[in-house]
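For reference, the structure discussed in these notes is given below.
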Amino acid sequence: MKMNRYSLEEAQAMARRDKRRMLVLGVGALLIGAVYVLAPSFSGAPNDGALPNTGLPVPVVADLPIEPLPFEETAALESIQDGTETARLSLDQEALVPAFSYARKQNAQLFTALGIQPLDRARQEELAASPGAHRLQALRVRGEVVDVERRRREGGNRDDWLVTLRASDGLYSHALFASPPAKPSVDRALEADGSNAVAVGDQLRVDGLFFKLYRREIGDKWVDAPLLLSHHAIATQPPIDAATARVAPALAEVVDDDVGDIHDRDQAALWQLMARAQMLADEVNWDDVPEVDSARLALIYGDGGLFRGTPVKFPISRNMGSWTETAPENPLGLNTVSKGWIGNVTWRPPVGVVQWIAPIDVPVLTEWNDPEQAQFVQARGWFFRNEVYTRASGEPGRAPLFVLASVEPFVPPTDNVTAILLWFVFALTAVFIVAVFFLLRSDRKKSVELQESLVRRRRARREQGTLSTQS
């Protein structure tokens with residue numbers, strides 16, 4: 001086989017071309033490594049702090065510190081007597097006037113700063129054991145009004161309300177407040193003078209300050225219970241039991257929203273379904289419940305009445321935003337509720353996203369942009385209704401609203417096989433580049449040696465030709 005002969009210039013050109021190829025391969029290998037290392041940082045959601053695909057801003061709760069108001073007449077509290085049944089019959093007016101004035105200055109934020117707690121049986125036993133150690137402690141009571149007295153304020157020209165409440169567990173409490181609810185919990189016309197603003201049978205919530213153990217005669221018995229002082233009472237709803245939650249009769253009155261025809265949420269139906277989510281989730285055989293897919297969402301979107309209150313479960317889907325809100329007064333006694341949006345790449349129009357509300361608190365759900373936290377979720381609950389919302393463009397959108405019993409983060413397992421393959425390719429590319437480098441270096445060395453050999457042969461032939469001529 002005849003060998004090709006290359007000039008020095010041709011050999012140098014070949015070396016430069018091979019060097020360029022080596023550089024291109026090296027850059028390619030670096031790019032492969034960069035994509036592998038940096039890929040997770042490109043998984044964030046778009047829209048600059050808006051819920052993806054909905055255009056709705058993520059609610060931001062400002063946690064501003066609030067200092068409790070000081071009570072400066074602490075000496076007056078020492079005059080309170082509640083160690084005996086006789087002492088508990090008195091309201092201790094000397095201490096009541098400054099303490100009630102202080103209680104009327106409180107609001108929801110200040111009660112939170114005071115660390116308000118529900119008055120349960122254990123806490124009531126603590127108060128009974130040592131009332132003096134708990135004066136002006138912030139407490140919350142709920143219950144049915146079993147007795148009410150409208151009384152003239154000491155040294156003033158206004159009336160206050162003194163009520164006795166019975167909670168769903170039979171626990172009693174007394175409360176003295178300055179303002180009745182703006183609307184009674186039982187629907188009735190108010191008298192012009194407000195004399196029937198609070199009546200026996202009403203359901204009330206009172207956030208107040210513990211004053212003393214107080215004794216009142218209710219019907220044919222005496223009731224000893226903590227007395228709370230407060231600015232106002234809040235109308236609430238009777239507690240929902242499991243039987244009511246199981247049937248949720250108010251769902252029959254729920255109406256879906258349509259663009260241009262928006263209806264208020266039926267609060268009774270919502271809280272009955274929330275009670276079902278809180279109390280009865282374990283009664284459902286979730287293995288037999290169908291998963292939400294694009295076809296089922298289209299049916300729900302088309303006629304929500306057919307699916308009202310039916311259980312559903314969501315496959316692994318995208319958490320498109322989640323937050324916690326302060327709950328309105330409700331029959332479950334919840335202080336907060338969780339809300340959010342869920343989407344799935346397999347869902348097609350007309351439904352691309354769904355909204356949800358739940359009587360649970362899962363703080364990790366707020367990490368909806370972190371694949372190692374709660375970027376993906378699995379959930380289960382019940383369909384409530386279709387609701388209209390506003391898109392980022394200002395146009396109305398419509399999405400199903402579900403009441404969920406659980407929302408569980410799903411963290412995708414690490415794909416070690418893919419990682420190993422990528423690193424193998426990266427290492428193989430590096431080895432190939434090094435091998436090409438040394439091969440090119442060896443080839444260039446051989447090319448130089450070959451060129452030098454050719455030059456020596458030419459010189460030798462010229463010298464031999466010269467000698468022959470001279471001979």
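Keep in mind that the numbers below use all heavy atoms, side chains included, and drop hydrogens, waters and symmetry copies. Quick caveat: nothing in here was measured; it's all calculated off a predicted structure.
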Q. Nearest heavy-atom pair of R216 and V163: which atoms, and what distance?
A. NH1-C, 3.7 Å
Q) Pick one: which of D266, D256, D257 meets side chain to side chain donor-acceptor pair (under 3.5 Å) with R385? A) D257
Q: May I have the step-by-step check of side-chain contact (heavy atoms from CB on, under 4.5 Å) for W368 and V377, ending in yes or no?
A: CA-CA 9 Å; W368 54 277; V377 294; over 6 Å; no
**Q.** Validation row: F314, V354 side chains within 4.5 angstrom (heavy atoms)
**A.** yes
Q) Y214: what forms a ring pair (Phe, Tyr, Trp, His ring centres under 6.0 Å) with it, not counting sequence neighbours? A) H174
Q) Who are the ring pair (Phe, Tyr, Trp, His ring centres under 6.0 Å) partners of F71, not counting sequence neighbours? A) Y102
Q | Worked check of side-chain contact (heavy atoms from CB on, under 4.5 Å) between Q137 and L127 | A | CA-CA 10 Å; Q137 180 179 348; L127 299 179; 4.0 Å; yes
Q.
I'd like to know if the side chain of R205 and the backbone of R142 have a donor-acceptor N/O pair within less than 3.5 Å.
A. no
(Q) If you compare all heavy atoms of A76 against all heavy atoms of A95, which two are closest, and at what distance to 0.1 Å? (A) O-CB, 3.2 Å
Q.
Suppose we screen for ring pair (Phe, Tyr, Trp, His ring centres under 6.0 Å). Which residues come up paired with W271, at least two apart in sequence or across chains?
A. none
Q | Residue pairs passing the salt bridge (charged side-chain N to carboxylate O under 4.0 Å, His left out) test where at least one lies in residues 279-298, sequence neighbours excluded | A | R246-E283
Result block: side-chain N/O donor-acceptor pairs under 3.5 angstrom for residues 228-240, not counting sequence neighbours:
unit_1, atom_1, unit_2, atom_2, d
S230, OG, D207, O, 2.6
S230, OG, H232, N, 3.4
S230, OG, H232, O, 3.2
T236, OG1, E329, OE2, 2.7

Q: List the steps and the verdict of side-chain contact (heavy atoms from CB on, under 4.5 Å) for I357 and M274.
A: CA-CA 9 Å; I357 182 172; M274 293 278 275; 4.1 Å; yes
(Q) Using the ring pair (Phe, Tyr, Trp, His ring centres under 6.0 Å) criterion, which residues pair with W222? Sequence neighbours excluded. (A) none
(Q) Would you say that P400 contacts F307 through its side chain, given a criterion of any heavy-atom pair below 4.5 Å between the two side chains? (A) no
Q: Specify the closest pair of heavy atoms between P409 and L365, including all atoms of both residues, with the distance to one decimal.
A: CG-CD2, 4.1 Å
Q: For the pair L209 and L114, evaluate side-chain contact (heavy atoms from CB on, under 4.5 Å) and give the outcome as yes or no after the intermediate values.
A: CA-CA 10 Å; L209 305 179; L114 288 169; 4.0 Å; yes
(Q) For a 4.5 angstrom cut-off between non-hydrogen side-chain atoms, does S294 reach V351? (A) no
Q: Measure across Q272 and L251 and return the closest heavy-atom pair with its distance rounded to 0.1 Å.
A: OE1-N, 4.5 Å
Q: Looking only at non-hydrogen atoms, find the nearest pair between A175 and L227 and report the distance.
A: N-CD1, 3.8 Å
